[in-house]
J.: 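The structure follows.
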Amino acid sequence: MIHAPRGIKDRIPPEEDRFLALLSVAEEHLQKAGFKKVGLPIFELSALFTRSIGLETDIVEKEMYLFEDKGGERFALRPEGTASLLRLAIQHHLIEPARITRLSYQGPMFRHERPQAGRLRQFHQIGAEILGAITPQDNIDLLVVIDSISQKLNLPGTTLFINNMGCARCRPVFREALVEYLEAHQSGLCVTCQKRTATNPLRVLDCKVPDCQPIIEKAPSIIDFLCETSRIHHETVCSGLRNLSIPFTVNPRLVRGLDYYTETTFEFVSDALGSQSTWAAGGQYDGLIGQLEGPDVPGAGFAIGMERLSLLAEKAGTLPLPPDYSQDISIIPLGDLAVPLAQSLLRDLRSAGLSATGIFGATKIKQGFKQAERDGSRFLLIIGEDEIAKKELVVKDLLTSEQIPFPLFPLTSLIDHIRSVRDLKKVSPIS
RNA sequence: GUGAGUGUAGCUCAAGGGCAGAGCACUGGUCUGUGGCUCCAGGGGUUGGGGGUUCGAAACCCCUCACUCACCCCA
């Protein structure tokens, strides 16, 4: 048997409906904050990601799904949405340097990692980006949007971590100081950290190897190196959050795993998720748009991991309800004459706004009843020779066992009857 | 990429070298074109796959695949 590829989660009923319902909760919050949706391609030229995410990151180094097409061009399944969205925004001239543009996306992302709780090879993100003349307040607004989703779903055990990674002026100064410090303590660091001292020193701050911890703890802190502008940026974000009563923790060692971040970065972490605890993250990126040959303006954005959000909402018992698939009526045709009549009835009932299923394969009446129950039908219509001869439809109410005859033409009285019963059910859903 | 644990019927799980089982689900009968409940019966399995040890393997050994969790990394 051919099975799904590793790290892929099939969503079978009613999972997919719950998933889509949760997705639209998130989409509503983004829409209310003015983010317009864009449709991003599933794959891009691989150069887009190597240039934006950074060559020394794990995502680019070992997690991308790469392939060549028949023309020999090199592509990658998108491992994240920001690069792709910026490419789209630049290509279609959606960025106006003096103004701001708000865009959002949603869809599957792909990374070749070992699957784990909350980590899949195909996973779903919803994200939003603010591009152009952005301010610290726009960073706050991003956090407000995520926080509102968190509030709405009553997500358990969530902490917001904030950091400021500095800007083009102060980050290099910090980087230099950090490298100097790390080089002085090389012998105490793990092999990866020794390598990263040269390639990507900020990532050392993220290391979890116990032996590295005492060294990392005493390492210079980015917050102390912030220039005047970045310091004000940072303080503005912090005081803004305090004004809004959004609790947060400043974590100077929060270094996002993508190289493009500057200034404010953040992570929403939950202790209810297990090892993969970050369910939303993002930050500002000053140089990225220019780096991708767009206007030299900053942007800021975030992404939410839908599977992780779903796990949390499930724990909180706040997963939105899937739609009701129960049918208003099922039709069992008996005999060849009844089949075409059943088919046209189905069409007429559906166009009248009712839900209706045909049960065509039943060789015995009892099978038909069982199928109608499985379909959740309130009414059942059995059409045989008698009914056709008398031009009469006998409708059975499966709840009350009551049987009521209706004329075949016109159908209006039957439709009205079903509607009245259905609307009654909607008014008082106790059954 | 590394490590640990787990793979038995559609689902949840028993059997720990000697006949592969239960509950739920499914099918049929009880009940001829009128269901749900009851009772009765039935179909279903190369025990993830391959190899080995053994008179005999679901069980023990090796390889492999998958799942789960952790490392790592990230949403």
Side-chain angles (χ1 to χ4, degrees), chain A residues 1-10 12 26 53 56-64 78-82 105-127 146 190-193 196 200 203 206-210 254-258 265-270 273-283 301-312 330 332-335 338 359 362-387 394-403:
Chain A
M1 188 181 61
I2 295 176
H3 54 80
R6 188 166 201 195
I8 269 66
K9 176 89 175 81
D10 290 324
I12 60 177
I53 296 171
E56 304 297 338
T57 58
D58 279 22
I59 295 176
V60 167
E61 255 179 5
K62 46 194 183 192
E63 292 174 4
M64 282 212 292
R78 58 183 186 194
E80 60 123 22
T82 300
Y105 61 88
Q106 158 279 128
M109 305 294 161
F110 305 86
R111 293 181 201 173
H112 187 97
E113 300 182 273
R114 192 77 168 260
Q116 198 181 322
R119 190 170 77 185
L120 296 165
R121 288 184 173 181
Q122 176 176 331
F123 61 103
H124 211 98
Q125 284 189 335
I126 180 166
I146 305 173
C190 68
V191 184
T192 326
C193 286
R196 279 182 180 156
N200 202 340
R203 290 279 304 287
D206 233 2
C207 181
K208 275 129 200 152
V209 175
L254 172 69
V255 179
R256 313 259 38 264
L258 292 73
T265 57
F266 54 84
E267 285 187 2
F268 285 79
V269 173
S270 171
L273 271 177
S275 179
Q276 306 302 314
S277 52
T278 303
W279 58 269
F302 67 83
I304 298 174
M306 283 303 301
E307 288 83 0
R308 293 180 187 177
L309 190 70
S310 178
L311 287 170
L312 287 171
S330 286
I332 306 176
L334 297 173
I359 298 168
T363 52
K364 296 206 166 117
I365 264 299
K366 189 171 171 176
Q367 289 179 340
F369 269 91
K370 289 199 166 177
Q371 184 59 50
E373 271 170 42
R374 273 195 284 264
D375 292 340
S377 289
R378 174 65 186 266
F379 294 101
L380 181 64
L381 195 51
I382 298 169
I383 306 172
E385 287 169 17
D386 288 357
E387 286 82 0
V394 179
V395 169
K396 176 153 185 171
D397 185 327
L398 290 177
L399 195 65
T400 63
S401 292
E402 193 182 6
Q403 302 204 83

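Below, all heavy atoms of this structure are taken into account, side chains as well, without hydrogens, waters or symmetry copies. Protein chains get the first letters and strands the later ones, always in sequence-line order, with residue 1 at the start of each.
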J.: Which is true for A:His124 with a 4.0 Å heavy-atom rule: it touches a base, it touches only sugar-phosphate, or it touches nothing?
T.: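 If one applies the 4.0 Å heavy-atom cut-off, A:His124 turns out to touch nothing in the nucleic acid.
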J.: Between the side chains of A:Lys9 and A:Glu307, is the shortest nitrogen-to-carboxylate-oxygen separation below 4.0 Å, so that they form an ion pair?
T.: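 The answer is no: the pair does not qualify as a salt bridge.
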J.: Classify the nucleic acid contact of A:Arg78 as base, sugar-phosphate or nothing, counting any heavy atom under 4.0 Å across all strands shown.
T.: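 Nothing, no heavy atom under 4.0 Å.
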J.: Considering only B:G33, B:A75, B:G36, which nucleotide approaches the side chain of A:Ser401 most closely?
T.: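 The answer is B:G36, which lies nearest to the side chain.
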J.: Applying a 4.0 Å non-hydrogen cut-off, can you work out what A:Lys62 is touching in the nucleic acid: base, sugar-phosphate, or nothing?
T.: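 No contact.
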J.: For a quick check of understanding: with a heavy-atom distance under 4.0 Å over all strands, which category does A:Gln371 fall into, base, sugar-phosphate or nothing?
T.: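 Since no nucleic acid heavy atom lies under 4.0 Å of A:Gln371, the category is nothing.
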J.: Can you work out whether A:Val394 or A:Glu63 has the more 5'-proximal nearest nucleotide on RNA chain B?
T.: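 Between the two, 5'-proximity favours A:Val394.
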J.: For nucleotides 38-40 of chain B, give me every protein contact, N/O to N/O, under 3.5 Å, one pair per line with atom names.
T.:
none

J.: Taking the C1' atom in each of B:A25 and B:C65, what is the distance between them to the nearest angstrom?
T.: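 That atom pair is separated by 28 Å.
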J.: Mind checking if A:Gly368 touches a base, just sugar-phosphate, or nothing, with heavy atoms under 4.0 Å?
T.: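 No contact at all - A:Gly368 keeps every heavy atom at 4.0 Å or more from the nucleic acid.
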J.: Give A:Ile382 one of three labels, base, sugar-phosphate or nothing, depending on what nucleic acid heavy atoms sit under 4.0 Å from its own.
T.: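 Since a base atom lies under 4.0 Å of A:Ile382, the category is base.
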J.: Looking at B:G33, B:C73, B:G35, which one has an atom nearest to any side-chain atom of A:Leu334?
T.: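 In terms of side-chain proximity for A:Leu334, the closest of B:G33, B:C73, B:G35 is B:G33.
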J.: Which nucleotide in the set B:U27, B:C74, B:G36 lies at the smallest distance from any side-chain heavy atom of A:Asp206?
T.: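 Closest nucleotide to the A:Asp206 side chain: B:C74.
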J.: With rounding to whole Å, what would you report as the distance between B:C67 and B:U27 at their C1' atoms?
T.: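 That atom pair is separated by 31 Å.
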J.: Specify the residue among A:Thr278 and A:Val209 whose closest nucleotide of RNA chain B lies further upstream toward the 5′ end.
T.: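 This one resolves to A:Val209.
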J.: Which part of the nucleic acid does A:Leu309 contact within heavy-atom distance under 4.0 Å: base, sugar-phosphate only, or nothing?
T.: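 No contact.
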J.: So A:Glu80, base contact, sugar-phosphate only, or nothing? Heavy-atom distance under 4.0 Å.
T.: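 If one applies the 4.0 Å heavy-atom cut-off, A:Glu80 turns out to touch nothing in the nucleic acid.
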J.: Which part of the nucleic acid, if any, lies within reach of A:Arg256 when heavy atoms closer than 4.0 Å are counted: base, sugar-phosphate only, or nothing?
T.: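 The residue A:Arg256 makes sugar-phosphate contact but no base contact.
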J.: Check the distance between B:C69's P and A:Glu113's CD and give it to me in whole angstrom.
T.: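 In whole Å, B:C69 P and A:Glu113 CD are 14 Å from each other.
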J.: Which nucleotide wins on minimum distance to the side chain of A:Arg114, given the candidates B:C65, B:C74, B:A70?
T.: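 Nearest listed nucleotide: B:A70.
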J.: Considering only the P atoms, how many Å lie between B:G29 and B:G16, rounded to the nearest integer?
T.: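 Straight-line distance between the two P atoms is 39 Å.
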J.: Identify whether any heavy atom of A:Gly81 sits under 4.0 Å from a base atom; if not, whether one sits that close to sugar-phosphate; answer base, sugar-phosphate or nothing.
T.: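 Since no nucleic acid heavy atom lies under 4.0 Å of A:Gly81, the category is nothing.
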J.: Using atom P in both nucleotides, what's the gap between B:A22 and B:A15 to the nearest angstrom?
T.: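 These two P atoms come out 15 Å apart once rounded.
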J.: What nucleotide, of B:C71, B:A75, B:C73, holds the atom closest to the side chain of A:Ala303?
T.: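 Looking only at side-chain atoms, A:Ala303 lies closest to B:A75.
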J.: Classify the nucleic acid contact of A:Leu120 as base, sugar-phosphate or nothing, counting any heavy atom under 4.0 Å across all strands shown.
T.: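 Base, at least one base heavy atom under 4.0 Å.
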J.: Minimum heavy-atom separation for A:Glu80 and A:Arg111, please, with both atom names.
T.: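 Between these two residues, the closest heavy atoms are CB-NH2, 3.9 Å.
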J.: Taking 5.5 Å and 30° as the limits, would you call A:Phe123 and the base of B:A75 a stacked pair?
T.: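 Aromatic stack with B:A75 present for A:Phe123.
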J.: Under a 3.5 Å cutoff on both atom distances, Watson-Crick or G-U, what's the dot-bracket for RNA chain B ([ ] crossing, | other strand)?
T.: (((((((..((((....[..)))).((((.........)))).....(((((..]....))))))))))))....
